[in-house]
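Below, read A as the first sequence line, B as the second, and so on, with proteins coming before strands; counting in each chain starts at 1. Values reported hereafter were calculated over all heavy atoms of this structure, with side chains retained and with hydrogens, waters and symmetry mates removed.
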Protein chains: 2
Amino acid sequence: MPVEFTSDMPIYLQLIRLVRQGVASGELVPGSRLPGVREMAIEYGVNPNTVQRALVKLERDGLLYTERTAGRFVTADAARIAAVRGELADRQIDDFVRQMKSLGYNCRQLLETLEKKWSDHNGDD
Amino acid sequence: MPVEFTSDMPIYLQLIRLVRQGVASGELVPGSRLPGVREMAIEYGVNPNTVQRALVKLERDGLLYTERTAGRFVTADAARIAAVRGELADRQIDDFVRQMKSLGYNCRQLLETLEKKWSDHNGDD
DNA sequence: CTTATTGTATTAAGTGATTAATACAATAAG
DNA sequence: CTTATTGTATTAATCACTTAATACAATAAG
């Protein structure tokens, strides 16, 4: 599955978000191995250096770890994953509330629209 | 009020978002005059060229218009403003629903959290 | 007419992101 | 031991964004 990148943001930051979201959602299974940087580079149509840059950052954040010649793996630290998931959700909600308030929505109106949109989405989860 | 920019995105794009949000929310009054590019550049701590680049884009989108030597103004086209407001809201909601679903939230759980966060915010609107 | 302010255009320089092309160290596999 | 694959590091080139320093055209104000 080819992933599209926007030019609005550096690719390595978009990669960070992509993988982080995968880890937080569990789509990337804890303890499982990631494709190598060269393989991911081909998959995403970017340079291996760019992939490396993103993964190293996620490693410093404790979401990934490396075994020297075996490859890179998703952390098995459930608490760490849960924490990141919580941070992502909090930030999403805060930003969303701020934006929608700024646009003049009220609470009831928003909840209705949201509930409707939720059903419309072909929800996998 | 000094505005902070992130290095995650080009400044001119952040300026576009800032002004567009102002127009869509009505914080920038329809028909009212904006500060000059030089003045805005000082206010935001950026280069006049960068401000110009952002405002020209918003002009092409029909949110602003220019009178040659008088300055730049917010459109008075209420329909256009309403349309942009709707687009912004739709995009916000779509992204939000997608993200929260991906993180494994269910609808009821989300609505509760959201309602709570809404009250916590020192809502101006 | 003169002056000041408006948007606009241009050029050069600096910075960061990205790519390409390598190379190296470590280790599992044969 | 040899080989292949892993992450990692380095160098140079290119491109977009940003800034700085101007300059110009149009017009309202004096």
*Asks:* Take atom CD1 of Ile42(A) and atom P of dT5(D), then tell me their distance rounded to the nearest Å.
*Replies:*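 One finds 12 Å between P of dT5(D) and CD1 of Ile42(A), rounded.
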*Asks:* Answer yes or no: does atom CZ of Arg33(B) have more than 12 heavy-atom neighbours from other residues, nucleotides or ligands under 6.0 Å?
*Replies:*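 Result for CZ/Arg33(B): enclosed.
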*Asks:* Charged N to carboxylate O below 4.0 Å: is that the case for Glu112(B) and Lys116(B)?
*Replies:*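 No, no charged N to carboxylate O under 4.0 Å.
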*Asks:* Would you name the heavy atoms of Arg20(B) and Leu88(B) that are closest together and state the gap between them?
*Replies:*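 Minimum heavy-atom separation between Arg20(B) and Leu88(B): CD-CD2, 3.8 Å.
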*Asks:* Expressed in angstrom and rounded to an integer, what is the separation of Tyr65(B) atom OH from dT6(C) atom C1'?
*Replies:*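 Going from OH in Tyr65(B) over to C1' in dT6(C) covers 15 Å.
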*Asks:* In this structure, how many angstroms lie between the P atom of dT10(C) and the CG atom of Asn49(B), rounded?
*Replies:*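 Roughly 12 Å, once rounded to whole Å.
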*Asks:* Figure out the CD/P separation between Gln52(A) and dA23(C), and round it to whole Å.
*Replies:*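 For the pair Gln52(A) CD and dA23(C) P, the rounded distance is 19 Å.
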*Asks:* Nearest-Å distance, CZ (Phe73(B)) to C1' (dG7(C))?
*Replies:*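 Those two atoms, CZ and C1', are 12 Å apart.
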*Asks:* In plain terms, say whether Asp95(A) and Arg98(A) are close enough for a salt bridge, that is, a side-chain N and a carboxylate O under 4.0 Å apart.
*Replies:*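 Answer for the salt bridge query: yes.
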*Asks:* For the CZ atom of Phe96(A) and the CG atom of Leu114(B), what is their distance to the nearest 0.5 Å?
*Replies:*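 Phe96(A) CZ to Leu114(B) CG: 6.0 Å, rounded to 0.5 Å.
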*Asks:* Would you say Ser7(A) places a side-chain N or O within less than 4.0 Å of OP1 or OP2 belonging to dA16(D)?
*Replies:*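 No.
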*Asks:* For Leu13(A) and dG16(C), what is the distance between atoms CG and P respectively, to the nearest whole Å?
*Replies:*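 Taking atom P of dG16(C) as the reference, CG of Leu13(A) is at 14 Å.
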*Asks:* Mapping Glu59(A) and Pro10(B) to their closest nucleotides on DNA chain D, which lands nearer the 5' end?
*Replies:*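 By nearest-heavy-atom nucleotide position, the 5'-most residue is Glu59(A).
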*Asks:* Is Arg68(A) close enough to dA25(C) that one of its side-chain N or O atoms is under 4.0 Å from OP1 or OP2 there?
*Replies:*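 Checking Arg68(A) against dA25(C): no side-chain N or O falls below 4.0 Å of OP1 or OP2.
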*Asks:* Counting only N and O atoms by type, is there a donor-acceptor contact under 3.5 Å from the side chain of Lys117(A) to the main-chain atoms of Asp90(B)?
*Replies:*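 Not a single qualifying donor-acceptor pair exists.
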*Asks:* For Watson-Crick and G-U wobble pairs within 3.5 Å on both distances, what is DNA chain D written in dot-bracket notation, | included for inter-strand pairing?
*Replies:* ||||||||||||||||||||||||||||||
*Asks:* For Leu28(B), which of Thr75(B), Ile81(B), Leu18(B), Val74(B) qualifies under side-chain contact (heavy atoms from CB on, under 4.5 Å)?
*Replies:*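 So, applying the side-chain contact (heavy atoms from CB on, under 4.5 Å) to Leu28(B) and each of Thr75(B), Ile81(B), Leu18(B), Val74(B), only Val74(B) qualifies.
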*Asks:* Take Ala70(A) and Arg53(A), find for each the nucleotide of DNA chain C with the closest heavy atom, and name the residue whose nucleotide sits nearer the 5' end.
*Replies:*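 Whichever sits nearer the 5' end wins; that is Arg53(A).
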*Asks:* Go through dA20(C), dT18(C), dC17(D) for me and flag the one nearest to the Ile11(A) side chain.
*Replies:*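 Nearest to the side chain of Ile11(A) among the choices is dT18(C).
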*Asks:* Tell me the closest heavy-atom pair linking Ser102(B) and Gln21(A), and the distance in Å.
*Replies:*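 Closest pair (atom of Ser102(B), atom of Gln21(A), distance): OG-NE2, 3.0 Å.
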*Asks:* What's the CG-C1' distance between Leu55(B) and dG7(C), to the nearest Å?
*Replies:*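 Going from CG in Leu55(B) over to C1' in dG7(C) covers 10 Å.
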*Asks:* Go through dT27(D), dA17(C), dA26(C) for me and flag the one nearest to the Thr69(A) side chain.
*Replies:*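 Of all the options, the side chain of Thr69(A) is nearest to dA26(C).
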*Asks:* Given dT19(D), dT8(C), dC17(D), identify the nucleotide with an atom nearest to the side chain of Arg72(B).
*Replies:*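 Of dT19(D), dT8(C), dC17(D), dT8(C) is nearest to the side chain of Arg72(B).
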*Asks:* In terms of heavy-atom contacts, does CZ of Arg91(A) have more than 12 from other residues, nucleotides or ligands at under 6.0 Å?
*Replies:*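 Counting other residues, nucleotides and ligands, CZ of Arg91(A) stays at 12 neighbours or fewer.
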*Asks:* Side-chain N or O of Tyr12(A) versus OP1/OP2 of dA17(C): is the shortest distance under 4.0 Å?
*Replies:*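 Indeed, a polar side-chain atom of Tyr12(A) lies that close.
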*Asks:* Can you measure Lys57(A) atom NZ to dG16(C) atom P for me and round it to whole angstrom units?
*Replies:*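 Checked: the NZ to P distance equals 17 Å.
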*Asks:* So, do Asp8(A) and Gln14(A) sit near enough that their side-chain heavy atoms are less than 4.5 Å apart?
*Replies:*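 Answer no - side chains too far apart.
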*Asks:* Can you find a side chain N or O atom of Thr66(B) that sits less than 4.0 Å from OP1 or OP2 on dT6(C)?
*Replies:*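 It does not, given that no N or O in the side chain of Thr66(B) lies less than 4.0 Å from OP1 or OP2 of dT6(C).
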*Asks:* Tell me, which of residues 28-39 of chain A have any heavy atom that sits under 4.0 Å from an atom in DNA chain C?
*Replies:*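 Heavy-atom cutoff 4.0 Å gives Arg38(A).
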